[in-house]
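Step one of this worksheet: look at the structure below.
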Amino acid sequence: MGIEVHKPGVGRVLAEIRANDLKNLYVVEHDALDVLEKMIGDDAVDGFHVFFPDPWPKKKHHKRRLMRRPNTNLLARKLREGGYLYMCTDWAEYADEALEELRATDGLKNKYDAFAPHQEWRPQTKFERKGIEAGRDIRELFFTKIGAD
């Protein structure tokens, strides 16, 4: 299931689904946090892939970033035990903040000491290409949900 609020993004995904004749995908055009809160049960998700979320670079907008608590608490609650949250970004400052926010989220454990190595299975995105062209490093985070002690 893909969740996207931006209409052109939804259109691109639907075109790719049709071009590749995919049958096992759903696309929800709505705010992701609202969908998670109201439409997805707790302990129901195997994994979240968050590819190049909006970094909201202006300090006054940082509160809108997806990878901040309490949002990370919601994501952790929706993951099943053993499920994972995988994020990549080309904004170093956002990556550092997300790493700290995810480390501080109950129920999540970093699979690596800090940033994850590049995951070969991950497709390259348009935003990633733009970041690389701009000379920015790609940073990846990989956290898993652990059971209650």
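Note: hydrogens, waters and symmetry copies are ignored here, and every other heavy atom, side chains too, is used.
- Closest approach of Glu140 to Pro117, counting heavy atoms only: OE1-O, 3.5 Å.
- Residue Lys60 comes nearest to Lys63 through the heavy atom pair O-NZ, 3.2 Å, listed as atom of the first residue, atom of the second, then distance.
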Run the numbers on Arg139 and Tyr94 for side-chain hydrogen bond (donor to acceptor under 3.5 Å, both in side chains), then give the verdict.
CA-CA 10 Å; Arg139 292 188 169 85; Tyr94 188 14; over 6 Å; no
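- Counting only heavy atoms from C-beta outward, the side chains of Glu101 and Met67 never approach each other to under 4.5 Å.
- Here the options are Arg129, Lys130, Arg136, Lys126, the test is salt bridge (charged side-chain N to carboxylate O under 4.0 Å, His left out), and the partner is Asp90; only Arg136 passes.
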Please tabulate, one pair per line, all N/O donor-acceptor pairs under 3.5 Å involving side-chain atoms of residues 44-58, not counting sequence neighbours.
{"from": "Asp46", "atom 1": "OD1", "to": "Arg80", "atom 2": "NE", "distance (Å)": "2.4"}
{"from": "His49", "atom 1": "NE2", "to": "Tyr84", "atom 2": "OH", "distance (Å)": "2.6"}
{"from": "Asp54", "atom 1": "OD1", "to": "Trp56", "atom 2": "N", "distance (Å)": "2.9"}

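- Side-chain atoms of Lys145 come within 3.5 Å of backbone atoms of Ala76 as a donor-acceptor pair (strictly under, hydrogens ignored).
- Lys7 meets the salt bridge (charged side-chain N to carboxylate O under 4.0 Å, His left out) test with Glu29; sequence neighbours excluded.
- Listed by chain and number, the residues in a side-chain contact (heavy atoms from CB on, under 4.5 Å) with Glu120 are His118 (sequence neighbours excluded).
- Ring planes of Tyr112 and Phe142: perpendicular class, angle over 60° (limits at 30 and 60°).
- The hydrophobic cluster containing Val5 does not contain Val13, counting ILVMFWY residues as joined when their side-chain heavy atoms lie under 4.5 angstrom apart, directly or transitively.
- A continuous path of ILVMFWY side-chain contacts below 4.5 Å connects Ile40 to Leu66, so both sit in one hydrophobic cluster.
- When the side-chain hydrogen bond (donor to acceptor under 3.5 Å, both in side chains) test is applied to Thr89, no partner is found at least two apart in sequence or on another chain.
- Taking His30 as the reference, nothing meets the ring pair (Phe, Tyr, Trp, His ring centres under 6.0 Å) condition, with sequence neighbours excluded.
- Partners of Asp31 according to the side-chain contact (heavy atoms from CB on, under 4.5 Å) rule, which considers only residues two or more places apart in sequence or in another chain, are Leu33, Asp34.
- At a threshold of 4.5 Å between side-chain heavy atoms, the hydrophobic network of Ile, Leu, Val, Met, Phe, Trp and Tyr places Val35 and Leu74 in one connected group.
- Here Arg12 pairs with nothing under the salt bridge (charged side-chain N to carboxylate O under 4.0 Å, His left out) rule; sequence neighbours left out.
- Nearest heavy atoms, Ala114 versus Leu141: O-CD2, 4.4 Å.
- For the pair Ala98 and Met87, the tightest heavy-atom approach, listed with the atom from each and the gap, is CB-SD, 3.8 Å.
- Heavy atoms from other residues, nucleotides or ligands lying under 6.0 Å from CG of Asp96 number more than 12.
- With Thr105 as the partner, the side chain to side chain contact (heavy atoms under 4.5 Å, CB included) test is satisfied by one option alone out of Leu75, Asn73, Asn71: Asn73.
- Ring centroid separation for the pair Trp91 and Phe127 does not come in under the 6.0 Å cut-off.
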Can you list the steps and then say if Glu93 with His62 is a side chain to side chain contact (heavy atoms under 4.5 Å, CB included)?
CA-CA 11 Å; Glu93 183 269 331; His62 285 189; 3.6 Å; yes
Please assess Leu102 against Asn110 for the test side chain to side chain contact (heavy atoms under 4.5 Å, CB included), listing each intermediate value before the final yes or no.
CA-CA 8 Å; Leu102 290 166; Asn110 196 343; over 6 Å; no
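- Checked against side-chain contact (heavy atoms from CB on, under 4.5 Å), Asp42 has the following partners two or more places apart in sequence or in another chain: Arg77, Lys78.
- In this structure, CG on Leu108 lies 6.5 Å from CG on Leu79, to the nearest 0.5 angstrom.
- Residues satisfying the side-chain contact (heavy atoms from CB on, under 4.5 Å) test with Lys109, not counting sequence neighbours, are Thr144, Ile146.
- Under the salt bridge (charged side-chain N to carboxylate O under 4.0 Å, His left out) criterion, Glu97 pairs with Arg65, Arg68, sequence neighbours left out.
- No side-chain donor-acceptor contact under 3.5 Å links Gln119 and Tyr86.
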Review item, side-chain donor-acceptor pairs of residues 19-26, under 3.5 Å, at least two apart:
{"from": "Asn20", "atom 1": "ND2", "to": "Glu16", "atom 2": "O", "distance (Å)": "2.9"}
{"from": "Asn20", "atom 1": "ND2", "to": "Glu16", "atom 2": "OE1", "distance (Å)": "3.3"}
{"from": "Asp21", "atom 1": "OD1", "to": "Lys23", "atom 2": "NZ", "distance (Å)": "2.8"}

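- Listed by chain and residue number, Glu100 satisfy the salt bridge (charged side-chain N to carboxylate O under 4.0 Å, His left out) test with Arg103 (two or more places apart in sequence, or in another chain).
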